[in-house]
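Working notes, structure below.
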Amino acid sequence: MDNKTYKKILEALHSSFSRDDYHGWDLYDALLSRFFERGSILDSYYPRYIWTQVNKRAPINLRPLMRVPKSLNPKGLSLILRAYCALYEYDAQEAWLNAANRVCDLLLTIRSKSEYYCWGSNFPYQSRGEYYEANDPGAIATSFCANAILDLYKITKDTRLRDVLLSIRKFYLEKLLLINDGRHLVFSYHVQDENITYNATAKVSESLAVISEYLGIQEDIELVKCSIQYLFEQQNLDGSWYYSSSATGKWIDNFHTGYVLVSLKKMMDVSQSMRHRALLEKGLDFHIKNHYTAASIPKYYTTSLYPIDTHCFAQSIITFTEFGDLGFATKLIDGAIDLMYNTPQRYFIYSIRKHYKVKTNLLRWCNAYMFWALANFMRAAEKERYWVCH
């Protein structure tokens, strides 16, 4: 495939996003159903958990039947915002910048209730062990939003966005900071959550690094070095990282590994801390050898191909774009289009499971993520062509 194909897909995704004013369905939005409102007969552990899993895995989209509305998701908006900024840098069309400003405005209106700018998932969520309220601020959503707002700030130099970024920085250091002993820096996944999830520390520390670099906050760079030290101390001997430090978190998947690798690379570039370069390369080597088939299809887990997931394709494209392997990123893009793109309806489906497909059109989990992955790739490929020509 070629750039013309990629551009058509980007334009189709942009049209679908703007048509719904950036509202969409999410993989875990089950409890936005009117039938699961607080105090309803279904508002208890087992109904919430079972419906969340059914909503996620069903081969047909049950959301309209169960009255799950399309909604604004902070992480989804942040991915789209980053893509618009990349596309504006790629070809400088004013329409991309206008769209970016619209999405940023939406993002700022759905922040969590806090003295700081911060974000969480816009839906309540029942996991196997925990229940999380909607908009509970946390590491992942806030770090994605911060990086997107920084991308737009770099273009517009809007002082309002600078103030937002400084507020996010305070949120990290005053609400999410879990360990700072002078050698290690660790952030929690949610406020007052003492479980250590490695990708949460990685994403927040990456965000802190790029904000501090651009705004000239030199003391934060030393903090970032402590985060780098901590994450490499948690690396397994084979180069991998578990999901978390808890007994139930000893599993290794594709996209969380991608999160950690890309974040570490960004942090090391910003801090100019190269002494762990060999360990980073070892982590990338593990990722390549254990998370992809011979046909360049992302495996979900180290031990399992299924489900084949658009989310894994998207993060994989981002990972190898950021590490400069545009050849492998191209293979991943073409594979995603071949396997996951619904050409007649012009969106990426959720997943291919062992015995069936889930063709639901999910904004955050799939299409916003692929939109950012493709736009980031196009920008990187254009930069590479520029340097080759000059």
Side-chain angles (χ1 to χ4, degrees), residues 128 139-140 143 178-179 181 183-189 195-206 209 224-271 273-329 331-332 335-336 351 354 369 373:
R128 187 175 299 176
I140 301 303
S143 64
L178 190 61
I179 298 172
D181 61 9
R183 179 175 168 81
H184 305 111
L185 193 76
V186 180
F187 293 96
S188 59
Y189 198 104
N195 293 321
I196 297 175
T197 303
Y198 302 126
N199 74 92
T201 288
K203 291 301 295 181
V204 170
S205 299
E206 174 204 345
V224 168
K225 291 179 180 178
C226 294
S227 181
I228 294 170
Q229 179 67 34
Y230 173 78
L231 288 167
F232 278 117
E233 286 184 11
Q234 305 312 308
Q235 187 179 28
N236 297 320
L237 292 176
D238 60 8
S240 66
W241 284 268
Y242 291 127
Y243 174 73
S244 76
S245 63
S246 70
T248 58
K250 298 297 188 286
W251 40 272
I252 305 163
D253 70 33
N254 185 307
F255 68 89
H256 286 114
T257 300
Y259 280 6
V260 173
L261 287 169
V262 171
S263 293
L264 278 168
K265 182 180 184 301
K266 293 276 189 182
M267 288 187 277
M268 291 166 70
D269 288 346
V270 168
S271 65
S273 176
M274 295 294 108
R275 68 190 187 92
H276 296 296
R277 175 62 63 183
L279 291 177
L280 183 66
E281 291 174 356
K282 186 175 184 179
L284 184 63
D285 185 63
F286 175 90
H287 184 51
I288 293 169
K289 290 178 178 176
N290 291 276
H291 285 148
Y292 300 91
T293 70
S296 302
I297 299 172
K299 296 165 62 179
Y300 198 95
Y301 294 106
T302 304
T303 56
S304 174
L305 169 62
Y306 294 101
I308 301 173
D309 191 322
T310 291
H311 198 79
C312 288
F313 266 111
Q315 179 56 49
S316 297
I317 294 162
I318 293 164
T319 298
F320 290 99
T321 298
E322 293 296 332
F323 275 88
D325 191 344
L326 299 187
F328 192 42
K331 291 181 181 179
L332 289 162
S351 70
K354 194 168 185 178
Y369 221 143

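Counting from 1, the numbers follow the sequence of the chain as shown.
- Phe313 and Ala336 get closest at one heavy-atom pair: CE2-N, 3.5 Å.
- Checked options Ser271, Ser263, Ser205; the residue passing with Ser227 is Ser205 (criterion: side-chain hydrogen bond (donor to acceptor under 3.5 Å, both in side chains)).
- Shown here for Val262 and Glu322, the closest heavy-atom pair between the two residues is CG1-CG, 4.0 Å.
- One finds the CE atom of Met267 at 9.5 Å from the NZ atom of Lys203 (value rounded to the nearest 0.5 Å).
- We find the OG1-CD1 distance between Thr310 and Ile317 to be 9.0 Å, quoted to the nearest 0.5 Å.
- In this structure Arg277 satisfies the side chain to side chain donor-acceptor pair (under 3.5 Å) test with no other residue, sequence neighbours excluded.
- Taking OG of Ser304 as the reference point, atom CG of Asp253 lies at 11.0 Å (rounded to 0.5 Å).
- Between Phe320 and His287, the two ring planes are parallel [angle under 30°; tilted spans 30° to 60°].
- Side-chain N or O atoms of Gln234 include none that pairs as donor or acceptor with a backbone N or O of Tyr198 at under 3.5 Å.
- Between Asn236 and Tyr242, some side-chain heavy-atom pair lies under the 4.5 Å cut-off.
- Contact annotation: the side chain of Tyr369 approaches that of Ile318 to within less than 4.5 Å [non-hydrogen atoms, C-beta and beyond].
- The closest donor-acceptor contact from the side chain of Ser351 to the backbone of Ile308 lies at 3.5 Å or more, if one exists at all.
- Tyr301 is not listed as a side-chain neighbour of Ile252, based on a closest heavy-atom distance of 4.5 Å or more.
- The shortest side-chain heavy-atom distance between Gln229 and His276 falls under the 4.5 Å cut-off.
- Formation of a donor-acceptor pair under 3.5 Å by the Trp241 side chain with backbone atoms of Leu231 is found in this model.
- Note that the OH atom of Tyr189 and the CD1 atom of Ile140 stand 4.5 Å from one another [nearest 0.5 Å].
- Residues Leu305 and Pro298 share a closest heavy-atom pair of CD1-O, 3.8 Å.
- Under the 4.5 Å side-chain criterion, counting only non-hydrogen atoms from C-beta, Leu280 is in contact with Phe232.
- Counting non-hydrogen atoms of other residues, nucleotides and ligands closer than 6.0 Å to NZ of Lys289 gives a total of 12 or fewer.
- By the side chain to side chain donor-acceptor pair (under 3.5 Å) test, Ser246 is found to be paired with Ser244, Thr248, residues two or more places apart in sequence or in another chain being considered.
- For the atom pair CG (Leu279) and CD (Glu233), the distance works out to 10.5 Å, reported to the nearest 0.5 Å.
- Across all their heavy atoms, Ala139 and Val204 have their closest contact at CB-CG2, 3.5 Å.
- Checked by atom type and distance alone, the side chain of Asn290 never pairs as donor or acceptor with a backbone atom of Thr302 at under 3.5 Å.
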Query raised in the report: How far apart are the C-alpha atoms of Ile196 and Ile179, what are their side-chain angles, what is the distance that settles it, and do they pass the side-chain contact (heavy atoms from CB on, under 4.5 Å) test?
Result: CA-CA 10 Å; Ile196 297 175; Ile179 298 172; 4.3 Å; yes
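- Nearest heavy-atom pair, Ser316 versus Asn254, reported as atom, atom and distance to 0.1 Å: OG-OD1, 3.3 Å.
- Closest heavy-atom contact between Ile228 and Ser273: CD1-CB, 4.3 Å.
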Report task. Would you sort out whether Tyr259 and Gln315 count as a side-chain hydrogen bond (donor to acceptor under 3.5 Å, both in side chains), showing the intermediate values? Result -> CA-CA 8 Å; Tyr259 280 6; Gln315 179 56 49; 5.4 Å; no
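- Below 30°, between 30° and 60°, or above 60°: for Phe328 and Tyr292 the angle between ring planes is above 60°, a perpendicular geometry.
- Looking only at side-chain heavy atoms (C-beta outward), Leu261 and Phe286 stay at 4.5 Å or farther from each other.
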Requested in this report: Evaluate side-chain contact (heavy atoms from CB on, under 4.5 Å) for His256 paired with Trp251, printing each intermediate quantity in order.
Outcome: CA-CA 10 Å; His256 286 114; Trp251 40 272; 4.2 Å; yes
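- For the atom pair Asp325 CG and Leu284 CG, the distance stands at 8.5 Å (nearest 0.5 Å).
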